[in-house]
Amino acid sequence: MSALTKFITWKKGNTVVSWVLFGLLVQVIFNRKNVPAHIEVLDDTLTHHCSRTKRNRWVSVINFIVTPRYIRRLIESQLNKKMADHEKVILSLDKELTKDELFEKDKLHRQKWGNWYGNHFSEPLKFFVPGNGEFDNFSPKHESCKSYDYKGLFEVSELVKNAEKENRKIRAVGSGHALTAVAQCEDFLVCTQNMNMTQRIAKEWIKKEYKDGFDVEVNFCNKKSVEKHFIFETGGGTKIRHLIEALTYHGFALINQGGSSIQSISGAIATSTHGSGIGIGPVSVFARSMTIVGKGGKIFRVEPSDGITDPAEFNKDDQVKKYGIELIQDDEKFNAVMVGIGSMGIVFSMILEAQPNYRLFEERISYNWEELKAEMQKVDVYKFINAHRHFEVLINPYRDLTAETEDGKQRKCLVTTRDYSEKGIREQAGRERNYISSFISGIAISGRLSPWVFNKNHQAIPAMTNNSIHRLVDHRGDEGGGFEDDSRFVLDQGLGELKFYGYAVEFGFPLEKVFDAVDLIIKVCEEAQPYHHLLAAPFSLRFVKQCDAHLSMMNQHDTCMIELVSVKGVTGSLPLFKRLERELLDFGAIPHWGLSVEPWYRERVEKAFPRFKDWELQQAFFGGKTFKNAFLSRIQDS
């Protein structure tokens, strides 16, 4: 292709997007009824006539335009006319939440840390940033990633010892992803951002049968098969997005992941974060070895009874002797440490199970919920769900009774399936997902505008939710077409700025109770609707394999995790969340350690997690009172 042809193609693509964006702006100002149709045109343009590079460039241009404070104030003044004070949009004073908050290593006092929702924060007596990794300039290519950070490990051990000398509690924090106070501590707080130095294939002290890969039996698409997996060592403070980068550099990929990569890997494991796939467990099950610093500054390497470490090689190592690292290979202890809710100690490093890079084919199809429900109940539910490697459902809590057709008035849902890519699929798959939601989420002010949109048009939320479901359907018409890419791009939903303004509560149910739980959710939502209390998003059903960790939501059985989502600042959503949580808990729900708005107390925890008392015994062994924060103490003392 000549330089002139490239220039003409580039110019044409940008001109098309320019006109579509201009047309949408005109409709917003002069004819809002036509906005939905123009959004569909923009979606088609961005998906089929604009490369990823160009889309990112357009996001940058728009962010540059709306950066000046006077521009934001002008938008505020136009949008806030006739709006209640608590529903007015504020664009000019808020920071960009997508930017990482970096903590200085030498600033021990007067620091403030909070979770991303803003309902919990700590102003600790001392604040520490141990470790010698690079966070702001992370790169798996850096020479230091090949080494183990013993200096940082010793630093953490000394911090714990010093905390105990002063009779203080100490606790590690990651990305602040939890809605609960599970990470909160007012004494000594340890930021884990620099505990990410090690990013390497695990070889040191590893048993021969694990060094070069090992066979694992899996059950996807109702067929048992064998895959070859590998083990990879990473720092406990590594963000999942950095871990994915490191794994990719070495030719590996996560076996599964949640919809967002902003969490730290330790935080995801400590709360049993999960993706979807009835044949795949939560992130916790990928941990094969965990190195933690517990009470007294004691360092433990904890594994299952048939762990990956060779005890003889480990115990004769000079570094192991120097730092007094104790190898524990015991199922009971490992199952307690796996989901430790931050109370077992500080997770300094871990070895994870991974698999070679792979590609996934994703298909998203819209259904009427009642029809899908009937189809699922006709056959064995497990087999229906396991017909794909991943299976999840998004359900509109409401019916759009303003729709013009009877079909439009039905409750809509979206089924997402993902399978390993096979030869021939690429020809039918689209180059991209529908791009409108990802495009909007990249715009800096989109998160703050979202609650205004829903508050301004709360009666239209059922229709807007249907529209959002429709925009996620494969773009090649209603017949689908799918989307195929490397697993890391398919599994990460890339919600950008919007991710920080959405919030959720989540609950687990055995498969036989799923449909009754959905009926209960719909009932509660529809009862609140006449009072204008609505959720601003569909809720999801994701199916996860049983996990042996004592405090995993999946400990007892294969589980359907139901996640209820709304947007921060939408009037009525929070009280509706509380009402839903109370009713679902009474119905037997298992709450998520990080996604809950109601108080936690002992009776509730023991009912949901039958192994809680066993976990407490191991918590006393590893973490003791040094790692008990107010959240855990309230549970135990209530």
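Position 1 is the first residue of the sequence, and the numbers go up from there.
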Here's a test for you: under side chain to side chain contact (heavy atoms under 4.5 Å, CB included), which of Leu534, Leu580, Leu564, Leu520 qualifies with Cys525? Leu580
Between His177 and Trp116, what is the ring plane arrangement, given parallel below 30°, perpendicular above 60°, and tilted in between? tilted
Can you tell me if Lys568 uses its side chain to pair, donor with acceptor, with the backbone of Tyr117 under 3.5 Å? yes
Smallest heavy-atom separation, Phe286 atom then Gly281 atom, equals CZ-O, 4.0 Å
Starting at NE2 of His390, measure out to OG1 of Thr416 and round the result to the nearest 0.5 Å. 11.5 Å
Measure the spacing between CD1 of Ile469 and CG of Leu394 and express it to the nearest 0.5 Å. 6.5 Å
Modelled atom types, side-chain donor and acceptor of Lys412 and Ser366, under 3.5 Å: no
For a side chain to side chain contact (heavy atoms under 4.5 Å, CB included) check, start with the C-alpha distance between Leu574 and Tyr503, then their side-chain angles and the critical distance, and finish with the verdict. CA-CA 10 Å; Leu574 183 57; Tyr503 69 115; 3.7 Å; yes
Okay, side chain of Ser552, backbone of Ser272: is any donor-acceptor separation there less than 3.5 Å? no
Hey, could you give me the CG/CG distance between Asn357 and Leu254, rounded to the nearest 0.5 Å? 10.0 Å
Does the side chain of Ile265 come within less than 4.5 Å of Leu352's, by heavy atoms? yes
Tell me, with the steps shown, if Ile562 and Leu584 meet side chain to side chain contact (heavy atoms under 4.5 Å, CB included). CA-CA 10 Å; Ile562 302 182; Leu584 290 170; 6.0 Å; no
Rounded to the nearest 0.5 Å, what separates atom CG in Leu576 from atom NE2 in His533? 8.0 Å
Main-chain N/O of Ala536 paired with Ser566 side-chain donor or acceptor, under 3.5 Å: yes
Would you call Asp558 and Lys545 a salt bridge, taking side-chain N to carboxylate O under 4.0 Å as the test? no
With heavy-atom distances below 4.5 Å as the criterion, would you say the side chains of Arg418 and His388 are in contact? no
Taking C-beta and beyond as the side chain, do Arg488 and Leu247 meet within less than 4.5 Å on heavy atoms? no
Donor + acceptor pair across side chains of His229, Glu227 (<3.5 Å): yes
Looking only at atom types and distance, does a side-chain atom of Asn115 sit under 3.5 Å from a main-chain N or O of Ala178, one as donor and one as acceptor? yes
Tyr382 (side chain) donor-acceptor with Leu511 (main chain) under 3.5 angstrom: no
Do Ile522 and Pro397 have side chains that approach each other closer than 4.5 Å (heavy atoms only, starting at C-beta)? no
Are Leu491 and Leu360 side-chain neighbours, meaning at least one heavy-atom pair lies under 4.5 Å? yes
Within the side chain of Asn396, is there an N or O that forms a donor-acceptor pair under 3.5 Å with the backbone of Pro538? no
Atom of Trp593, atom of Leu551 and distance for their closest heavy-atom approach: NE1-O, 2.8 Å
Identify the two heavy atoms, one from Val381 and one from Met376, that lie closest to each other, and give their separation to 0.1 Å. CG2-O, 3.8 Å
Kindly compute the distance separating CD1 (Ile461) from NE2 (His532), expressed to the nearest 0.5 Å. 11.0 Å
Side chain to side chain contact (heavy atoms under 4.5 Å, CB included), that's the test. Do Glu392 and Leu541 meet it? Break it down for me. CA-CA 6 Å; Glu392 57 190 72; Leu541 313 182; over 6 Å; no
Thr559 side chain to His557 side chain, donor-acceptor N/O pair below 3.5 angstrom: yes
Please round to the nearest 0.5 Å and tell me the distance separating atom OG1 of Thr417 and atom CD of Glu363. 5.5 Å
Derivation and outcome, salt bridge (charged side-chain N to carboxylate O under 4.0 Å, His left out), residues Arg241 and Glu245: CA-CA 6 Å; Arg241 67 183 185 276; Glu245 189 180 339; over 6 Å; no
Ring centres under 6.0 angstrom apart (Phe587, Phe507): no
Any idea which heavy atoms bring Gln410 and Arg399 closest together, and the distance? C-CG, 4.1 Å
Look only at the side chain of Asn555 and the backbone of Ala549, and say whether a donor-acceptor pair between them is shorter than 3.5 Å. yes
Any side-chain heavy atom of Glu370 sitting closer than 4.5 Å to one from Asn368? no
Mark yes or no for whether Asn455, through its side chain, and Ala84, through its backbone, hold a donor-acceptor pair below 3.5 Å. no
Are the charged groups of Glu87 and Lys456 less than 4.0 angstrom apart, N to O? no
Grab the two heavy atoms, one from Ser596 and one from Val505, that are nearest each other, plus how far apart they are. CA-CG1, 4.0 Å
Do Glu527 and Lys523 sit within salt-bridge range, that is, some charged N less than 4.0 Å from a carboxylate O? yes
Taking side chain as C-beta onward, heavy atoms only, is Met554 less than 4.5 Å from Met561? yes
Please check if the side chain of Asn256 supplies one atom and the backbone of Ser276 the other of a donor-acceptor pair under 3.5 Å. yes
Given the rule in the side chain to side chain contact (heavy atoms under 4.5 Å, CB included) test, do Arg389 and Ile280 qualify, once you have shown the distances and angles that lead to the verdict? CA-CA 8 Å; Arg389 188 179 193 266; Ile280 315 174; 3.7 Å; yes
Considering all heavy atoms, the nearest Ala608-Gln556 contact: O-NE2, 3.0 Å
Glu512, CD atom: more than 12 neighbouring heavy atoms under 6.0 Å: yes
Please state whether the rings of Tyr420 and Phe220 are parallel, tilted or perpendicular, taking 30° and 60° as the class boundaries. perpendicular
Look at the side chain of Asp400 and the backbone N and O of Lys409, then say whether any donor-acceptor pair between them is shorter than 3.5 Å. no
Do Met553 and Val339 have side-chain heavy atoms sitting under 4.5 Å apart? no
Tell me whether the rings of His274 and His592 are parallel (<30°), tilted (30 to 60°) or perpendicular (>60°). tilted
